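Worksheet: one structure, shown below.
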Amino acid sequence: MDFNLALHLGLPETILAVSSLLILVFGAFRGDKGMISVSALCGVALIAAAFAAAFGHQGAAFGGSFIVDGVALFAKVAIYIAAVFIIVLGQGYFDRVGAGRFELPILILLAALGMSLMVSAGDLISLYVGLELQSLALYVLAAFRRDDAKSSEAGLKYFVLGALSSGLLLYGASLVYGFAGSMNFHDIAQSATTNLNVGLIFGLVFVICGLAFKVSAAPFHMWTPDVYEGAPTPIVAFFAGAPKFAAMVLFARVLQTGFAAQADQWRQVVLVLAVLSFVIGALGGLMQKDIKRLLAYSSIANMGYALLAIAAGAVGIPALLIFFVLYMVDTLGLFTVQMALSRKGEPVTRIDSLAGLSKTNMPMTIVLTILCLSVLGMPPFSGFWAKYFVFGAAITSGLWQFAAAGLVASVVAAFYYLRILKLMWFDVPAGDMDKSPLETRWIAYAAAAFSFPVVIVFLVYVYPLAQSAAQGFGS
Amino acid sequence: MTVIAIAFYLLALVTLASGLMVITAKNPVHSVLYLILAFFSSAGLFILLGAEFLAMLLVVVYVGAVAVLFLFVVMMLDVDFVKLRQGFANYLPIGLVVGLVLMGELVAISIAVATKGAAAGNQPLVATAAEPNIKMIGHALYSTYIYLFEAAGFVLLVAMVGAIVLTLRTRPNVKRQDIFSQVTRRRKDAVEIVPVKTGEGISE
Amino acid sequence: MDNFWASGWGWTIITVGETLAVIMGVMVSLAFLLWGDRKVWAGVQMRKGPNVVGPFGLMQSFADFFKFLFKEVIIPAGADKAIFLLAPLLTFVIAFLAWAVIPFAPGWVVMNINVGILYLLGISSLGVYGIIMGGWASNSKYPFLGGLRSAAQMVSYEVSIGFIIVTVILLTGSMNLSDIVTHQGGGIWNWNVFGGGGQLGLGIIKLPVMFGMMVMFYISALAETNRPPFDLPDAESELVAGYQVEYSSTPYLLFMIGEYANIVLMCAMISILFFGGWEFPVPLPLAHDGLPYILISLLTFIVKVVFWFLMFAIAKAIVPRYRYDQLMRLGWKVFLPLSLVAVIIIAGYRVYGGAL
């Protein structure tokens with residue numbers, strides 16, 4: 001194997017890995033006072049990696065355990081850019097609450113590294129190593145406000161359940177390896193077509209369960225609301241987007257590369273997960289009083305739509321990519337709005353507290369309105385397009401019943417977004433809002449702007465890109 | 001019966017017995033000690049397989065470092081094991097079922113490997129005198145598996161950073177010994193010699 | 001008959017014989033080394049030291065031995081009896097296990113295994129169990145504190161010892177102790193403490209690095225064997241006698257023998273790793289497989305080990321005890337980074353500077 005070629009393919013990862021080590025040393029010498037410069041350096045590293053990925057070459061390296069294809073590159077660019085925004089938000093947030101440590105941006109960087117290993121995973125070991133790298137960094141990030149009981153609780157819950165899911169995943173992977181005789185997805189596919197075994201399917205189910213945990217698809221979603229409620233908000237904004245994107249791409253790769261011939265078997269499992277996710281997401285959200293818990297249920301429901309795209313097979317892949325990019329922007333915007341709103345220094349966490357927002361903070365009200373309409377799927381906002389592509393893909397591959405079920409679920413879910421709109425526009429304000437911090441304001445405006453006018457331009461350029469990226473995926 | 005066979009049965013028996021004792025011993029410290037014994041005798045099994053490097057790693061890493069810290073923690077904890085065992089009987093049936101299912105699957109894999117050859121298709125490399133297994137492991141780790149090896153290193157790095165982030169606290173009002181400043185302190189910085197005339201004293 | 005000695009059973013009998021010979025040899029020399037230790041200590045404090053039993057008090061250790069043997073074994077009421085008795089036994093056995101791979105002279109080694117160094121590292125890391133088990137099983141405060149201290153201390157210094165050993169492995173390209181010794185053959189300048197040969201040109205960099213590693217190994221060995229100035233586990237001014245407080249009679253004797261066997265083992269390791277093991281300081285005009293050469297080699301090795309034992313004894317006599325946080329600081333903040341840097345330098349030399 002040509003090591004130089006391998007480094008060439010893995011240039012984004014190499015940039016991230018090397019810069020994380022250097023920045024860690026820099027930060028250790030500067031201490032927590034140097035957090036802002038550490039954040040800036042991490043941001044630069046991520047942007048450099050994003051460029052490297054955007055203009056990266058495609059191929060496979062390290063004996064097939066590292067795959068760089070269109071989907072991987074597409075996902076990497078999206079993940080790195082999301083991580084940059086999280087670093088900006090995290091810098092401001094932790095500065096304000098006085099819990100800033102220089103390790104925060106470095107952990108985000110390392111989590112992004114783990115995610116990019118995940119989307120490039122070509123065999124079971126690299127799948128697991130990437131997943132663990134990403135999850136470990138996220139466990140720590142969830143508990144980052146260690147003096148805050150809720151944050152510690154979130155970190156601990158996430159860690160324990162994440163460890164359990166890793167155990168499931170590993171057990172499944174060992175079964176798959178034992179019956180297929182290889183770690184590599186292509187070899188597994190070959191072995192599965194020539195010599196399909198019950199044990200292999202068993203292993204596959206365990207792997208699916210483990211991954212479903214990571215993307216918080218029902219019925220493996222129970223950690224999501226608690227973790228979202230407790231963890232620091234910028235970190236939750238990260239949780240909701242990038243790691244799930246990475247895990248979904250991994251999901252698609254395992255199923256469509258490793259078990260392409262067994263599509264009929266795994267499709268049932270994935271469809272069950274999808275339907276459960278959007279039903280539970282929609283119904284569970286109705287009861288919530290906390291904004292972050294509500295968004296947790298919303299993300300569970302959205303994972304259901306993403307799983308529907310995976311179940312649709314090859315046609316679903318471009319839909320999955322587009323869906324996730326649009327979804328990531330929307331969640332980023334929603335969580336940023338939550339961060340932007342505070343009343344007398346206390347962050348606004350309850351939905352009731354949003355009452356009469358239009359009288360106190362008009363710009364944020366408009367932003368929140370646009371984002372809510374977008375998430376509930378109102379055309380012409382971005383959320384509509386996300387669902388449009390996913391349901392389109394599902395209908396193309398003959399899953400129209402499930403697309404219809406998804407549509408019903410999103411109508412139910414629309415109720416709780418409409419409730420927010422009603423509260424904001426027509427209710428009596430509970431008191432004045434504080435002035436929003438600068439970076440949250442601008443990121444919220446940007447997300448809202450993306451959600452409506454920009455998304456049209458974006459889709460014109462990026463949809464063909466996603467389609468060409470998905471070419472040849474899984475073969 | 002050869003010496004090797006006797007050694008194998010002895011080590012295997014000790015491993016199994018101590019493994020059993022780990023979960024049945026009443027005293028947690030005894031459990032950890034049995035765990036160490038289990039590690040140690042499995043290292044012996046590795047040697048019988050000709051994998052002396054793995055055996056030594058098992059001893060150095062698990063027995064020498066991990067288990068010591070484990071023992072350390074268990075000794076410090078005051079765990080009430082009577083309380084911990086209260087639900088034992090209630091959970092026993094479901095535990096048994098899960099355990100049996102997992103074991104059945106592992107047996108199924110072993111049978112699949114042994115008969116049809118799935119994973120058995122990958123013939124293990126055999127160490128020779130010129131190419132001892134340390135060299136072979138090193139070569140495999142640093143060429144074929146370099147990517148996974150380095151990635152695993154990053155996982156450990158994250159674990160370390162995380163442990164430090166979550167536990168290290170710098171207390172503002174605690175004085176710490178600064179050996180450098182102690183050692184570099186000179187007499188003229190600390191002591192002043194004042195010529196005092198007899199009977200006058202020093203005015204402060 | 002030839003067949004028998006080549007068979008498994010014959011091999012077993014030979015190995016058992018060799019093992020017994022080594023154990024007896026080490027035990028007997030321990031008796032005299034202990035006497036030497038006390039004499040040095042006494043000399044520094046301007047006392048006479050043991051001088052009653054036998055000529056110059058040479059038989060003192062044997063007298064002590066029998067005294068310990070004939071006393072009553074006392075087991076504290078709240079002690080965990082099995083572990084309490086197992087702990088000294090474990091210390092004793094493990095201390096002698098390590099001697100299996102020590103080459104005394106060309107070909108004079110019980111087991112010439114390829115991972116000899118790792119074996120030594122593994123066995124010496126097991127040594128902590130005897131102490132920690134003894135400390136816990138005594139069911140008493142001071143022994144427990146001593147056991148904990150010892151566990152933390154030994155684990156900490158093992159890390160830097162490991163890295164120091166890696167530099168030696170990098171220099172000699174082998175983990176086999178006999179190979180490491182023969183690699184240092186041909187004269188004093190080939191010893192690892194001076195860089196293991198090839199010091200001309202770029203290789204000069206190895207000289208200060210390896211000398212530093214030798215010093216650090218010596219200090220780490222003091223800490224690893226709980227010798228003064230790092231005898232925190234049994235610091236008599238703080239913990240009475242640490243983990244040994246409740247021990248008496250034969251169990252105590254086993255602890256003591258184990259401890260001293262470990263110290264001598266460390267002396268043997270430092271001789272082998274840095275001072276050429278059995279190799280004579282200048283090349284000898286003798287056939288390498290003849291008996292004279294082997295005997296001279298054995299003598300050379302013994303002299304080196306005794307020299308290092310005297311260094312241990314002198315350190316005990318003249319250096320004041322460290323405080324616990326200072327000990328930890330030295331291990332983690334000084335030795336660990338320095339040995340890591342040394343590993344990088346030596347590895348860099350091996351990649352860019354030259355072959356073996």
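These numbers were taken from a predicted model, which means no experiment stands behind them. Reminder, nothing fancy here: chain letters follow the sequence lines and each chain counts from 1.
Residue Tyr171(A) places its OH atom among more than 12 non-hydrogen atoms of other residues, nucleotides or ligands, all under 6.0 Å distant. A 6.0 Å sphere centred on CG of Leu92(B) holds more than 12 heavy atoms belonging to other residues, nucleotides or ligands. Residue-environment remark: CZ (Phe39(B)) exceeds the threshold of 12 foreign heavy atoms within 6.0 Å. In this structure, Ile94(B) places its CD1 atom where only 12 or fewer heavy-atom neighbours from other residues, nucleotides or ligands lie under 6.0 Å away. Atom CZ of Phe53(B) is surrounded by more than 12 heavy atoms from other residues, nucleotides or ligands within 6.0 Å. In the displayed structure, Phe26(A) atom CZ is contacted under 6.0 Å by more than 12 heavy atoms of other residues, nucleotides or ligands. Under a cut-off of 6.0 angstrom, the local environment of NE2 in His30(B) is crowded, with over 12 non-hydrogen atoms contributed by other residues, nucleotides or ligands.
Looking at Ala17(A), the atoms closer than 4.5 Å to chain B (heavy atoms on both sides) sit in the backbone and in the side chain alike. Contacts of Leu102(B) with chain A are made by both backbone and side-chain atoms, with heavy-atom separations under 4.5 Å. Only the side chain of Leu21(A) comes within contact range of chain B, with at least one heavy atom under 4.5 Å from a heavy atom of that chain. For chain B, the nearby part of Phe202(A) is the side chain; its heavy atoms alone come within less than 4.5 Å. Interface residue Phe206(A): only side-chain heavy atoms are found under 4.5 Å from chain B. Contact of Asp147(A) with chain B is made through the side chain alone, with heavy-atom distances under 4.5 Å. Contacts of Ser152(A) with chain B are absent, with no heavy-atom separation under 4.5 Å from either backbone or side chain.
Distance check, rounded to the nearest 0.5 Å: CD of Glu103(A) to CG of Leu168(B) gives 8.0 Å. To the nearest 0.5 Å, atom OH of residue Tyr145(B) and atom CD1 of residue Ile125(A) are 6.0 Å apart. Going from atom CG of Leu166(B) over to atom OG of Ser151(A) covers 8.5 Å, rounded to the nearest 0.5 Å.
Each of Gly155(A), Ser65(A), Ser191(A), Gly203(A) has some count of heavy-atom pairs under 4.5 Å with chain B, and the biggest count is that of Ser65(A).
Between Val161(B) and the choices Ile106(A), Leu24(A), Val140(A), the side-chain contact (heavy atoms from CB on, under 4.5 Å) rule is met once, by Leu24(A). For the side-chain contact (heavy atoms from CB on, under 4.5 Å) criterion with Phe154(B), the lone passing option out of Leu113(A), Leu16(A), Val129(A) is Leu113(A).
Nearest approach of Ala151(B) to Leu117(A), heavy atoms of both residues: CB-CD1, 3.9 Å. The shortest non-hydrogen separation linking Val165(B) to Arg101(A) is O-NH1, 3.3 Å.
Ring geometry, Tyr147(B) versus Phe62(A): the interplanar angle falls under 30°, so the pair is classed parallel (tilted spans 30 to 60°).
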